[in-house]
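Note sheet for the following structure.
Residue numbering restarts at 1 for every chain, and letters A, B, ... go by the order of the sequence lines. What you see is a predicted model, and the numbers here were worked out from it, not measured in a lab. Scope of the values below: all heavy atoms of this structure, side chains included, with no hydrogens, waters or symmetry mates.
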Amino acid sequence: MSSTGVESRAQAEPFYLTTAIDYTNGDPHFGHAYEKVTADAIARYQRLRGREVALVLGADEHSYNVARAAREAGLEPKAYCDRMAERFRATWDRLGITYTDFMQTSDPRHEAAVRTFVQRIYDNGHVYRSTYRGLYCRSCEAFYTERDLVDGRCPWHDEPVETVEEPNWFFRLSAFRDRLRQHLLDHPGFVEPESRRNEVLSLLQAGLEDLSISRAHQSWGVRVPWDESQVVYVWFDALITYVSAIGFGWDEARFRRLWPARLHLIGKDITRFHAVVWPAMLWAAGLALPEKVFVHGFWYCNGQRFSKSLGNVIDPHDLVAVYGRDGARHYLVAETPFGQDGNFTDESIRKRVTSDLANDLGNLLHRTTRMIERYRDGRVPDPGPGRAGETELARLAERVRDAYEAAMEELRLHDAVGEVMRLVRRANKAIDEWAPWALARDPAKAGELDRALYALAETLRLAALLLSPVLVDGSPEIWRQLGIAGEDPPPFRWEDAAWGRLAPGTAIRRGLPVYPRLDPATTRQLAPVRTQSGRPAEAAPAGGGAERPAAPADGAHVSYDDFARLDLRVGLVLAAEAVAGSEKLLRLRVKVGEEIRQIVAGIREQYRPEELPGRRVVVVANLAPRRIFGIESQGMLLAAEGGGRLALVVPERDVDDGSRVK
RNA sequence: GGCGGCGUAGCUCAGUUGGUCAGAGCAUGCGGUUCAUACCCGCAGUGUCGGUGGUUCGAAUCCACCCGCCGCUACCA
């Protein structure tokens, strides 16, 4: 698998990968950084393999939120976008992301590409005119879904929205269902991980609806070429970045060389657009499909979502400031299997960086260079003819290289790094076994000592090379300290990932530890554990007297505390109406103290809408809002069910609405 | 409710097609070493491999049912 045959073809083919393009109505955060770092590690690995790599990043700007943020900042949209794009690029530069292109959707080249693209699918007969119905806010000049609304009102203006119909252009997405399904069956690797692919398949099973791809009444966006009164729907616009960034519509030669992409890296929230809509778009435009859509996981923070209201967002710049560029990158790649969710904690990153980079890798370099200095006058000894490959370390190194290669090709980034760390740990152990300090005292063991020191230096050279896609600062530094001649920074090449390439006689240049241990006393906490109120948790009181022991929770009982988490309230039904198109659902407006909630309840078979207003009910007031039948339900009614009948639970005598139910 | 997935040492997880599969890393305890960044190395562990049945000479690994968790989806108490 390592170095023959198939290679020549692969090397000739460029490797084009993309990350999601980001909304730039706020600064880049941890999740953005994760995606870019993993993409960059893949890109650097492919370059290591000698392939031409295009790594595209970008900014998704034609959304209403961006236009609004611009207005709030007092800037023209384009000026605002350009400024934000700079902030994003600065962050990616800080993280060492080696992107080749950064496409803003407001870039004239992109806008031209979008027009070319949609014109093409129009000419190919995949677009038709129909009516779009949606909820429209006049102030925003934008449509919203039921899910976006807050209390049925515009999330930005707190104004009622109105149902508006407008003529739009529709894309025949449904026509591609069977073909897409077949493609997924024929190409198991088209969507990964497999669980995501299964989701897409079941989605297709459920059926597809055509997609409105234009909007009237909007000025911020790309004009539909054959209908200047409309702009292209923002998602359609955004996806086209993947081709516009590499020249579609403005540099055909480059586009033809790089397309189709080998990999789209995305988060799990946008799977549908990339695994369903995008392939259909490409087919409609007569273009080839990308080889793979890889869905990475989300990061949590102390088990909770990153969110501004919790105050636990992490600025990538802080991550770099505290843990270093390599520390941040290593943590992001090595901590969690690629494709799974991760959980950021200050403790986990400190441990990961300290044990892997400082204690294992950094210290191995330090002790190795120190011994070469001390025992061999600072020159890498000659292991002697034919002996270098005989040591266990040498054999392991080549096995690790092959396992690393397999892992990287399959995007098991975390396994790939883990393999190299295994080698590093084995080298540390080998030092103990060989005890070079003992060999040094016995002139008869000079050959053994030579071989030992050579093997250690060579292991470090290889480990640094294999880790170079992640440890972008440390890998070159390790080579520098090993005294490897050549360009600085070194052009890491896969051909050098073979045992024995380190030239005997090389003068090492020991330096300061590449990865100093973090000082726990001064390491800044990036994500202190917080209480639900958003305040940092109090430290446990000394003496421990005030600790409240958790009630035992056997299978049959919940603790009182668990029960107390429910906020049950008396509510007064103000209005009730049947949910159109539904048999069982009623949409209620319920007054609970000061607030009025919209609650969807499945009680229509037992209660007629007109008999409900004025009645008191019991409401679960702190239930997370859910969308039911397209309508947000902000709570739940308590009802008893039995004998096929449903009975609302009501207070036995009159109490004020808003009263607590215990 | 439907579909998919998961439940293995304190924690995070590996465990291809059933037979050294009961493991790794981290954390803990004890010991060793000195080349080293209070580092590294060794030893010790604990596990009813979610539960119950079944197939088999033999199952963490296959089947059934049950419990719990997660994802997508759904006319949701």
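- Using P as the reference atom, B:G15 and B:U33 are 39 Å apart when rounded to the nearest Å.
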Under 3.5 Å, sequence neighbours excluded: what are the donor-acceptor pairs made by side chains of residues 439-448 of chain A?
{"residue": "A:Asp442", "atom": "OD1", "partner": "A:Ala444", "partner atom": "N", "Å": "3.0"}

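- Within the 3.5 Å criterion, the main-chain N or O of A:Leu466 finds a donor-acceptor partner in the side chain of A:Tyr404.
- We find that CZ of A:Phe338 is positioned 17 Å from P of B:C13, with the value rounded to whole Å.
- Here the shortest heavy-atom pairing between A:Ala430 and A:Leu393 reads CB-CD2, 4.5 Å.
- For A:Asn198 and A:Glu194, the side-chain atoms include no donor-acceptor pair closer than 3.5 Å.
- For the pair A:Arg509 (side chain) and A:Gly483 (backbone), a donor-acceptor distance under 3.5 Å is absent.
- In summary, the side chains of A:Tyr331 and A:Ser348 do present a donor paired with an acceptor at a separation below 3.5 Å, with no hydrogens or angles considered.
- A straight line from CG of A:Asp415 to P of B:C13 spans 13 Å, rounded to a whole angstrom.
- A distance of about 14 Å separates the C1' atoms of B:G7 and B:G47, rounded to the whole Å.
- Taking the salt bridge (Lys or Arg N to Asp or Glu O under 4.0 Å) definition, one finds that A:Asp341 meets it with A:Lys268, sequence neighbours left out.
- Straight-line distance from the NZ atom of A:Lys351 to the P atom of B:A24: 18 Å, rounded to whole Å.
- Donor-acceptor pairing under 3.5 Å is lacking for the side chains of A:Tyr454 and A:Asp382.
- The residue among A:Met636 and A:Gln340 whose nearest nucleotide of RNA chain B lies closer to the 5′ end is A:Gln340.
- Side-chain atoms of A:Asp473 do not come within 3.5 Å of backbone N or O of A:Asp326 as any donor-acceptor pair.
- Taking the P atom of each, B:A59 and B:G68 are spaced 28 Å apart, rounded to whole Å.
- B:U8 sits 11 Å from B:U48 when the P atoms are compared, rounded to a whole Å.
- At a threshold of 4.0 angstrom between heavy atoms, the contacts of A:Ala440 with the nucleic acid are absent.
- Looking only at distances, no side-chain donor or acceptor of A:Arg510 sits under 3.5 Å from a matching main-chain atom of A:Gly378.
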Do nucleotides 35-41 of chain B as a string where each nucleotide becomes B, S or -: B if the base has a protein heavy atom under 4.0 Å, S if just the sugar-phosphate does, - if no protein is that close. BBB-SSS
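- Remark: the backbone N or O of A:Ile266 is paired with a side-chain donor or acceptor of A:His296 at under 3.5 angstrom.
- Rounded to an integer number of Å, the gap from CH2 of A:Trp434 to P of B:U34 is 18 Å.
- For the pair A:Leu208 CG and B:C72 C1', the computed distance is 15 Å after rounding to whole Å.
- Near RNA chain B, meaning a heavy atom under 4.0 Å away, the residues from residues 186-202 of chain A are A:Arg196, A:Asn198, A:Glu199.
- For the residue pair A:Arg367 / A:Asn428, a side-chain donor-acceptor distance below 3.5 Å is found, with atom types taken as modelled.
- Stem regions annotated for RNA chain B: B:1-7 with B:67-73, B:10-13 with B:23-26, B:28-32 with B:40-44, B:50-54 with B:62-66, counting only runs of 3 or more consecutive pairs of Watson-Crick or G-U type with both contacts under 3.5 Å.
- To the nearest angstrom, C1' of B:U73 lies 14 Å from CD of A:Glu209.
- Per the geometry, CG belonging to A:Asn343 stands 10 Å off P belonging to B:U12, to the nearest Å.
- Remark: P of B:G71 and CZ of A:Arg305 are 10 Å apart, rounded to the nearest angstrom.
- For B:U61 and B:C6, the P atoms lie 13 Å apart once the distance is rounded to whole Å.
- The separation of B:A77 from B:G19, taken at their C1' atoms, amounts to 49 Å, rounded to a whole angstrom.
- Comparing the P positions of B:C39 and B:C69 gives an interatomic distance of 40 Å, to the nearest angstrom.
- Screening residues 198-211 of chain A for salt bridge (Lys or Arg N to Asp or Glu O under 4.0 Å) gives A:Arg196-A:Glu199 as the qualifying pairs, with residues at least two apart or on separate chains.
- Nucleotides B:U46 and B:G10, compared at atom P, are 10 Å apart to the nearest Å.
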